[in-house]
Amino acid sequence: MGKKTLSSVRGMNDLLPADAPVWEWFEARVTDWLRSYGYQQIRTPVVEYTEIFVKGIGEVTDIVEKEMYSFEDRLNGEHLTLRPEFTAGVMRAIVEHSLTYDAPRRLWSMGPVFRHERPQRGRYRQFHQVNVEAVGFAGPDIDAEMIAMLARLWKILGIECVGRVRLEINCLGQTEERLRHRGDLISYLTRFEDQLDADARRRLHTNPLRILDSKNPALSDIIAGAPRITEYLGEASRAHFDGLQVLLRAAGIEFTVNPRMVRGLDYYNLTVFEWITDALGAQGTLCGGGRYDPLIERMGGKPTPGIGFGMGIERVIELIKEAGAAEACPAADVYVLHQGGPTRTQAFLVAERLRDAGLDVVLHAGEASMKSQMKKADASGAQFAVIIGETELASGTATVKALRAGDASQPFARQATFALDALGDALVDGLVATSETA
């Protein structure tokens, strides 16, 4: 009997070297983008007490009921859970460390989350999220800023037109407005109880808003006739929602008001939004967010308004690849070649000097023909090959060859030779020129 091949857990995937540059490209741009809006990073544990997620997400939800990876610690019997989302852990950290005692906070996190569900395109059992929270801000201006910053991100990533990335918004009102809507919704749906599927009947008296999210086409007519939360909004809620729309229009951000967009968690209030694409099949939500003013108090803190969103990285990476926005994500700027012997020593020193100049450099290792090395240099994705041969060693120079097509007027459009003391600056200038004409 042959040995069993080792493999990863279904739905928990390796990130292989060929894909890593796209992820690094994405993460670098996201980090810069968040910094430009004044957000600070917070890192919370991957494992939290199960109670944190039950409080932060709600008992009557698919995540808590069916999808969490929960276990009992063998050493002390504590009930622990792999995080299925970020917000609950971030709120726990805010309360535990009194992070908002002196000022509001703009916070972000990025990393893996875990849910036990059927793996499919863009949705896995271990997947990755960017999570952003603004805590301590009550007005519609921060809601608009969050949406505007996402509109900017799609442009930075080059995906704003892929699969028609579009924005939908809604207003869920305040607790008392939601309760009146909930009561009328239950009364309405009860009239059709015999036509509801098993999942909808199960949710009818516990989480009826989730029925409005049903993808069952047999329920579409029933859902279309259900009471709309926007019909229950009071004056203050309408003013908040109108203020949001005024700011979005002023910023030139197109949106659709979707009165059927809901959240199944009763601490959500006022603004909710989703960025949606048609390029990923049924899994079309790129990013979803909303205001959760009652949440921190529910988690044991003082009443504090807040709003946040979560973005699935795998889905965004799919769009980046489709748009070709990250095709030029090289492992290095420069690939250094040599002919062995004394030229290898010189190449080693040249590579270090180029790194001193701030360049990312791959130095060829081992012995190989120049033809073979050039193939590897091209495959590396580097912009330039730096050649140290016998001729260059004797003259104290290096030959530079451009590996990517570009403007023929640029200095490295074909091939050039530089003295070693000028090489670093010349390559930096060449990279800048290449990026400006790309």
### Message
Assess the residue pair Ile222 and Gln195 against the criterion (side chain to side chain contact (heavy atoms under 4.5 Å, CB included)); give the C-alpha distance rounded to whole Å, side-chain angles, the decisive distance to 0.1 Å, and a yes or no.
### Response
CA-CA 9 Å; Ile222 295 173; Gln195 300 176 47; 3.9 Å; yes

### Message
Run Leu99 and Ile42 through side chain to side chain contact (heavy atoms under 4.5 Å, CB included) and show every step you take.
### Response
CA-CA 11 Å; Leu99 293 183; Ile42 182 171; 4.1 Å; yes

Would you name the heavy atoms of [X] and [Y] that are closest together and state the gap between them?
X	Y	answer
Leu204	Ile186	O-CG1, 3.5 Å
Met146	Ile307	CE-O, 3.3 Å
Val428	Ala357	CG2-O, 3.9 Å
Ile52	Gly89	CG2-N, 4.3 Å

Can you tell me how far apart [atom1] ([X]) and [atom2] ([Y]) are? Round to the nearest 0.5 Å.
X	Y	atom1	atom2	answer
Thr100	Leu107	OG1	CG	9.5 Å
Glu27	Ile317	CD	CD1	7.5 Å
Gln129	Phe86	CD	CZ	6.5 Å
Lys321	Leu319	NZ	CG	11.5 Å
Leu286	Glu318	CG	CD	10.5 Å

### By side-chain contact (heavy atoms from CB on, under 4.5 Å) - contacts of Lys376 (at least two apart)
Tyr335, His364, Ser372

Any residue meeting side chain to side chain donor-acceptor pair (under 3.5 Å) with [X], in chain and number order, not counting sequence neighbours:
X	answer
Arg152	Tyr37
Asp143	His240, Thr271, Arg291
Tyr188	none
Thr50	Thr81

#### Entry: Ion pair check, Glu176 and Arg180, cut-off under 4.0 Å
no

Is any side-chain heavy atom of [Y] closer than 4.5 Å to one of [X]?
X	Y	result
Ile313	Trp23	yes
Leu247	Gln245	no
Ile94	Ile296	yes
Arg178	Leu209	yes
Met68	Leu82	no
Leu270	Ser237	yes
Tyr101	Lys302	no
Phe114	Val47	no

### Query
Which residues pass the salt bridge (Lys or Arg N to Asp or Glu O under 4.0 Å) test with Glu145, sequence neighbours left out?
Arg106

### Task
Please identify each residue that fulfils salt bridge (Lys or Arg N to Asp or Glu O under 4.0 Å) with Glu352, with sequence neighbours left out.
Arg355

### Task
Enumerate the residue pairs fulfilling salt bridge (Lys or Arg N to Asp or Glu O under 4.0 Å) with a member in residues 36-50, sequence neighbours excluded, ordered by first and then second residue.
Glu48-Arg92

### Selection residues 67-87 - residue pairs positive for salt bridge (Lys or Arg N to Asp or Glu O under 4.0 Å), sequence neighbours left out
none

### Message
Using side-chain hydrogen bond (donor to acceptor under 3.5 Å, both in side chains), reason through Gln41 and Ser109 one step at a time and then give a plain yes or no.
### Response
CA-CA 6 Å; Gln41 188 178 29; Ser109 303; over 6 Å; no

Distance-only donor-acceptor check, side chains [X] and [Y], under 3.5 Å:
X	Y	result
Glu168	Asn170	no
Thr304	Glu297	no
His128	Glu314	yes
Asn216	Asp197	yes

### Query
So, Asp14 side chain and Leu16 main chain: donor-acceptor pair closer than 3.5 Å or not?
no

### Query
Tell me the side chain to side chain donor-acceptor pair (under 3.5 Å) pairs involving residues 223-232, sequence neighbours left out?
Asp184-Tyr232

#### Entry: CA sep, side-chain torsions, deciding dist, call: Asp333, Gln383, side chain to side chain contact (heavy atoms under 4.5 Å, CB included)
CA-CA 5 Å; Asp333 301 317; Gln383 290 287 337; 5.6 Å; no

### Summary
Sorted by chain and residue number, the ring-ring contact (aromatic ring centres under 6.0 Å, His included) partners of Tyr69 (sequence neighbours excluded) come out as His116

### Contacts of Trp154 that satisfy ring-ring contact (aromatic ring centres under 6.0 Å, His included) - sequence neighbours left out
Trp275

